[in-house]
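First the structure, in the form of structure tokens, and then the observations on it.
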Amino acid sequence: VRELVYYVATSIDGYIAGPDGQFDAFPVVGDHMEVIVTEFADALPAPAAAALGAPQSGSLFDTVLMGWNTYNVGASQGLVDPYPHLRQYVFSRSVRDVPYGIVATDRDPVELVRKLKIDEGSAIWLCGGGSLAAALVEEIDRLIVKVNPVLFGTGIPLFDGLDYLPRNFGLTRSRTFESGVTIAEYSASSS
Ligand SMILES: NC(=O)c1ccc[n+]([C@@H]2O[C@H](COP(=O)([O-])OP(=O)(O)OC[C@H]3O[C@@H](n4cnc5c(N)ncnc54)[C@H](OP(=O)(O)O)[C@@H]3O)[C@@H](O)[C@H]2O)c1
């Protein structure tokens, strides 16, 4: 069974974007970038990967799941096919016009993820945002959080709209960088 991996960047206080979607406060230079560009190249938008000369093999992720708001950040700027090397699913309860090759769906994310997990292949990347992540919280097998050394104060949270309910995760790896970024990897506890 394939894993669902929520790989995401946050502020110190757990926001993945500002209240109006701002994301320019996350540092894009520094020693953490080598890991992001090499190890996690599958999760770079194609134009960024091309500009950086980062090959995208699909060996880490071969499928990406996005909420409409996340997809639309790029699409509204003309980036309508951000991850052509991946199977791309965009969740929306409205009818959405997306290019050939991208699946826009109003299916229950949990039901779809359970089906996708049975398929052969590499991991499924939950790109975000906070709303879709909340819907899929019980399906997440691994959580990879890039914590940036910046405090937002408010914004769009890592999981948007969950009630208080502690869920245990096991820390499997943690890396710190001179840039102040940490990349922490967690596995969902089986308990
Ligand atoms: N820091 C990072 O690494 C990172 C990663 C990803 C995203 N982000 C940021 O996160 C922000 C977007 O997050 P968000 O929480 O506002 O939105 P989101 O989760 O990206 O999208 C929410 C939308 O997805 C659809 N959706 C969500 N749950 C659904 C469900 N259960 N069934 C069907 N459709 C569902 C709905 O679309 P409809 O309204 O069309 O029905 C909903 O309005 C953006 O600013 C983006 O830049 C940051």
Side-chain angles (χ1 to χ4, degrees), residues 4-11 14-30 32-107 109 112-113 116 121-136 140 143-148 150 152 154-161 181 183:
L4 180 68
V5 182
Y6 188 21
Y7 166 68
V8 64
T10 79
S11 65
Y15 294 110
I16 63 172
D20 299 317
Q22 304 93 321
F23 54 86
D24 53 345
F26 292 145
V28 292
V29 292
H32 64 286
M33 287 306 293
E34 195 192 330
V35 173
I36 286 167
V37 167
T38 53
E39 216 173 296
F40 296 104
D42 281 340
L44 292 171
L52 294 161
Q56 299 186 290
S57 66
S59 58
L60 178 64
F61 302 123
D62 67 10
T63 304
V64 58
L65 312 181
M66 293 170 269
W68 175 260
N69 295 353
T70 292
Y71 173 74
N72 200 38
V73 170
S76 63
Q77 302 293 315
L79 186 57
V80 293
D81 190 10
Y83 307 107
H85 61 296
L86 307 179
R87 283 200 282 164
Q88 303 174 79
Y89 290 90
V90 180
F91 290 89
S92 174
R93 296 181 184 91
S94 310
V95 177
R96 299 293 190 178
D97 187 23
V98 293
Y100 180 77
I102 297 183
V103 179
T105 180
D106 64 355
R107 284 172 67 177
L112 179 61
V113 161
L116 291 174
S122 50
I124 304 161
W125 173 35
L126 170 56
C127 173
S131 164
L132 183 63
L136 284 169
I140 292 171
L143 187 50
I144 304 177
V145 192
K146 294 167 282 183
V147 183
N148 292 272
V150 52
F152 278 11
T154 188
I156 297 170
L158 201 50
F159 295 93
D160 199 355
V181 172
I183 302 179

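In this chain, residues are counted from 1 in sequence order.
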Would you check, one step at a time, whether the test side chain to side chain contact (heavy atoms under 4.5 Å, CB included) holds for Lys146 with Ile36? CA-CA 10 Å; Lys146 294 167 282 183; Ile36 286 167; 3.7 Å; yes

Given the rule in the side chain to side chain contact (heavy atoms under 4.5 Å, CB included) test, do Gln88 and Val98 qualify, once you have shown the distances and angles that lead to the verdict? CA-CA 11 Å; Gln88 303 174 79; Val98 293; over 6 Å; no

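Here the straight-line distance linking atom OH of Tyr83 with atom CD1 of Ile102 works out to 10.5 Å at 0.5 Å rounding.
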Enumerate donor-acceptor pairs with a distance under 3.5 Å from any side-chain N or O in residues 69-76 to protein atoms, sequence neighbours excluded.
unit_1 : atom_1 : unit_2 : atom_2 : d
Thr70  : OG1    : Gly129 : N      : 2.9
Tyr71  : OH     : Val80  : O      : 2.6
Ser76  : OG     : Asn72  : O      : 2.7
Ser76  : OG     : Val73  : O      : 3.3

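Between Val181 and Pro27 the shortest heavy-atom distance is CG2-CG, 4.2 Å. Here the shortest heavy-atom pairing between Leu44 and Val37 reads CD1-CA, 4.1 Å. For the residue pair Asp42 and Leu60, the shortest heavy atom distance occurs at OD2-N, 2.9 Å.
By the ring pair (Phe, Tyr, Trp, His ring centres under 6.0 Å) test, Phe26 is found to be paired with Phe152, residues two or more places apart in sequence or in another chain being considered. Under the ring pair (Phe, Tyr, Trp, His ring centres under 6.0 Å) criterion, Phe159 pairs with Tyr6, sequence neighbours left out.
Tyr7 places a side-chain heavy atom less than 4.5 Å from the side chain of Phe61. Looking at Trp125 and Leu86, their side chains come closer than 4.5 Å, going by heavy atoms from C-beta outward. Looking at heavy atoms from C-beta onward, Ile16 lies in side-chain contact with Thr10 at the 4.5 angstrom threshold.
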